[in-house]
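Proteins come first, then strands; the chains are lettered A, B, ... in the order of their sequence lines, and each starts at number 1. Note: hydrogens, waters and symmetry copies are ignored here, and every other heavy atom, side chains too, is used.
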Amino acid sequence: MEISKQNYLDYLNKNQKEAIIGLDGPCLIVAGAGSGKTKVLTSRVVHIIKQKKAWPNQILCVTFTNKAAKEMQNRVLKLLNQKTKSLPWLGTFHSVSAKILRKHAQAVDLNSRFTIIDQEDQLRLIKNICKAENFDIKKISPQFILSLINQWKNKGLLPRNVVTKKGLPLEKAILNVYKFYQERLKILNSCDFGDLILLCVKMFENNPDILELYHNNFKYILVDEYQDSNYIQSKWLNLLAKKNNNICCVGDDDQSIYSWRGAEIKNFLDFSKIYKNTKIIKLEQNYRSTQNILSAASELISNNKDRMGKKLWTDSKDGELVKLTCYKNGKEEATGVSDIIESKLKKKYSLNNIAILVRAIFQTREFEERFLKIGMGYRVVGGTKFYERAEIKDSVAFLRIVNQKNDDLAFERIINVPKRSIGDGALKQFHEWGRKNKKSLENSAVELLQLDKIKPKTKLGLLKILNLFNKWRSDLKKKKHYELMEIILDESGYSKMLKGKKDLESEGRLENLKELIKGMRDFDNLQSFLEHVALATSIDQDWNGQKVNLMTMHGAKGLEFDAVFLPGWEEGLFPHQKSLEEKGDLALEEERRLAYVGVTRAKKESFISFAMNRLYRGDWVDSLASRFINELPEKNIKKEDQIESSNEDLFFNQDIDYSEGIRSPGWARLQKKNLKRIK
DNA sequence: TAACAACGCTTTTTT
DNA sequence: AGCGTTGTTA
């Protein structure tokens with residue numbers, strides 16, 4: 001007993017121990033990259049349980065990603081020696097909120113079987129509203145409306161709370177769309193991602209009795225990656241922590257890279273102002289990287305002004321210098337990288353421990369082509385999302401409409417798939433009827449059928465599919481959800497449709513559907529499966545075999561690899577042009593933090609590179625080395641030039657004043673393009 | 001209604 | 001360059 005109690009505290013340094021032992025009161029842990037953040041968090045959970053301060057179900061532990069939640073779940077359970085089966089309240093902000101909302105759905109005017117819609121559905125809904133309200137899409141794109149609505153939600157604003165600025169008549173129009181959008185969501189018995197948090201907060205504010213239930217239950221609250229929280233999420237925590245005040249947040253201001261979705265570092269920096277008597281603990285010893293890598297990263301991030309200030313140190317060896325290479329073009333960059341892996345790294349490391357981290361996911365393509373050519377195994381992490389594939393979304397839409405009659409977005413998606421003569425005309429009829437009578441599409445269709453207002457050919461197809469819906473609904477009571485999926489794919493004609501198309505793609509789709517049905521077995525019932533689909537987006541990655549990892553820097557946060565490649569460090573690509581245009585210096589600092597995240601993923605070796613020329617959207621673009629390259633400390637870097645020409649030094653010694661317009665053909669072209677887009 | 005052509009937008013990052 | 005959306009025609 002005594003031994004196992006010691007176990008989880010043994011291999012911790014002084015600060016880490018301190019971060020774990022004081023359990024009561026607010027606590028902010030500033031944890032640098034590779035400083036054992038997850039270890040501290042998991043140990044703290046274990047400590048709470050072993051000290052009998054709370055039962056596992058009395059601990060609320062929130063993360064931002066499913067990956068992080070799963071990782072923590074596994075690590076905690078391992079430390080607890082499987083005495084505990086699970087921590088029910090360990091999950092993402094969104095999944096925990098959904099769980100709470102389903103318990104009290106009526107309090108926010110929903111049915112507990114409400115559907116959680118994703119971005120694609122959000123967009124469709126907005127488009128539908130714009131169409132119905134004769135809102136000019138050419139003037140303002142639905143995308144823009146969507147982003148504004150999401151921003152409002154992140155700030156905790158429902159339509160009635162939004163105050164539009166006087167000089168912006170368009171904003172008022174968008175607010176109007178927002179109003180319709182929320183109304184429509186209610187009728188559809190649906191929530192978007194933002195609603196999950198926002199409605200939860202509103203519910204707590206309006207129903208003190210419900211909030212009290214959770215006050216009584218959650219003895220301790222722990223939060224991972226707190227620097228990525230937005231206003232409404234911090235509010236959510238604030239409400240839940242109010243009574244016990246036992247809230248412990250872990251984060252790193254230097255790794256805040258999600259401001260574009262509303263994250264405010266302010267939450268992190270002002271934590272001690274909001275929570276009185278906060279204990280602040282800094283974890284500054286890095287256990288991951290060599291001295292050279294750590295120095296390069298530290299020097300780079302020191303160019304940011306808006307920091308809490310940390311001094312990461314390590315007692316590991318200098319290791320290899322960080323390699324910096326200039327390639328002629330993107331293709332040669334891919335070739336160069338694969339050559340290095342082939343000739344030097346393959347012997348030393350497992351391919352699984354090698355990663356190529358890019359700014360934007362499309363950059364992986366060049367590497368994929370190369371790896372396919374030379375037959376090197378690779379996996380794209382986070383790229384193709386399983387649940388976002390068309391055939392998967394179609395199948396899930398069938399399940400959604402079976403589960404929840406008011407799910408118009410699901411209805412619309414599959415009502416004419418495969419083709420059953422229910423075209424735009426009929427759909428428009430349903431929409432109009434539904435809007436006039438505040439009915440869902442399915443109910444509208446039923447009523448219109450009864451009134452005999454549907455064209456004969458359409459009527460035939462419609463009757464058939466509506467009857468099928470009802471049959472499947474009764475099947476659901478008798479059959480397992482995965483059996484139902486097979487029945488649906490068969491009876492709807494969906495499988496037949498795919499089998500009929502004899503191309504390679506359709507075969508792949510059929511494979512995916514098999515995979516889907518297999519995956520469904522992991523869930524107890526339809527409801528929990530649908531919840532997973534809505535919040536998870538990706539099926540478990542295959543970590544089998546030896547493969548190089550390709551992913552974005554955003555996606556790599558929290559991971560580490562022996563060797564890391566960071567290609568494409570070029571102005572316009574990284575730092576990214578669009579982000580600079582939108583937010584200027586603030587965005588530049590965020591891009592720099594992203595660079596910091598990238599570099600600090602490496603344990604032993606890191607390779608930064610850029611290309612002079614790149615094929616971008618069909619034409620060749622000349623490019624400049626990223627300004628971040630000049631910010632790397634000379635003494636930790638080794639330049640490896642791939643260019644034979646004599647002006648090579650030019651590319652390493654570009655002394656450019658970025659505050660003024662930059663003049664290179666590629667830059668000019670980029671600017672012209674952007675201008676064109678604005679017009 | 002369905003098939004085909006033309007157009008324009010995309011590719012920053014995600015629950 | 002490639003895809004999805006929109007417009008035109010059978």
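With rounding to whole Å, A:E369 atom CD is found 13 Å from C:dG2 atom C1'. The CD atom of A:E591 sits 9 Å away from the C1' atom of B:dT13 (whole-angstrom rounding). With rounding to whole Å, A:R365 atom CZ is found 8 Å from C:dA1 atom C1'. Counting to the nearest Å, the P atom of B:dT15 and the CZ atom of A:R261 are 7 Å from each other. Atom C1' of nucleotide B:dT15 and atom NZ of A:K70 are separated by 17 Å, given to the nearest angstrom. One atom, NE2 of A:H554, and another, P of B:dT15, lie 11 Å apart when rounded to the nearest Å. Whole-Å rounding puts the A:F64 CZ to B:dT15 C1' distance at 9 Å. In this structure, the CD atom of A:E120 is 15 Å from the C1' atom of B:dT14, given to the nearest Å.
The side chain to side chain contact (heavy atoms under 4.5 Å, CB included) with A:P575 is formed by just one residue from the set A:E589, A:E591, A:R592; it is A:E591.
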Please table the atom pairs, donor to acceptor, closer than 3.5 Å between any side-chain atom in residues 257-265 of chain A and protein atoms at least two apart or in another chain.
from: A:S259; atom 1: OG; to: A:E590; atom 2: OE1; distance (Å): 2.8
from: A:S259; atom 1: OG; to: A:E590; atom 2: OE2; distance (Å): 3.3
from: A:W260; atom 1: NE1; to: A:I257; atom 2: O; distance (Å): 3.1

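Ring geometry, A:F268 versus A:Y226: the interplanar angle falls from 30° to 60°, so the pair is classed tilted. Classified by interplanar angle (parallel below 30°, tilted 30° to 60°, perpendicular above 60°), the ring pair A:F523/A:F529 is perpendicular.
Using a 4.0 Å heavy-atom cutoff across all strands shown, A:F93 reaches no nucleic acid atom at all. Nucleic acid contact for A:H94: base, since at least one base atom lies under 4.0 Å from a heavy atom of the residue. Within the nucleic acid shown, A:F362 comes within 4.0 Å of at least one base atom, counting heavy atoms only.
In terms of phosphate contacts, A:T552 brings a side-chain nitrogen or oxygen within less than 4.0 Å of OP1 or OP2 of B:dT14.
Contact record, A:A69 with A:T92: CB-N, 4.4 Å, taken as the closest heavy-atom pair. Of all heavy-atom pairs spanning A:F574 and A:G568, the tightest one is CB-O, 3.8 Å.
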Any protein N or O atoms within reach of nucleotides 1-5 of chain B? Criterion: under 3.5 Å, listing atom names and distances.
from: B:dT1; atom 1: OP1; to: A:G423; atom 2: N; distance (Å): 3.1
from: B:dT1; atom 1: OP2; to: A:G425; atom 2: N; distance (Å): 3.3

Tabulated below should be each protein N or O lying under 3.5 Å from an N or O of nucleotides 4-6 of chain C; please produce it.
none

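Here the side chains of A:Q255 and A:R593 are not in contact, with every heavy-atom distance at 4.5 Å or above. A:L409 places a side-chain heavy atom less than 4.5 Å from the side chain of A:R400. Under the 4.5 Å side-chain criterion, counting only non-hydrogen atoms from C-beta, A:L90 is in contact with A:M72.
By the 5.5 angstrom centroid cut-off and the 30-degree plane limit, A:W260 is classified as stacked against the base of B:dT13.
Listed nucleotides: C:dG2, B:dT15, B:dT13. Nearest to the side chain of A:Q119: B:dT15.
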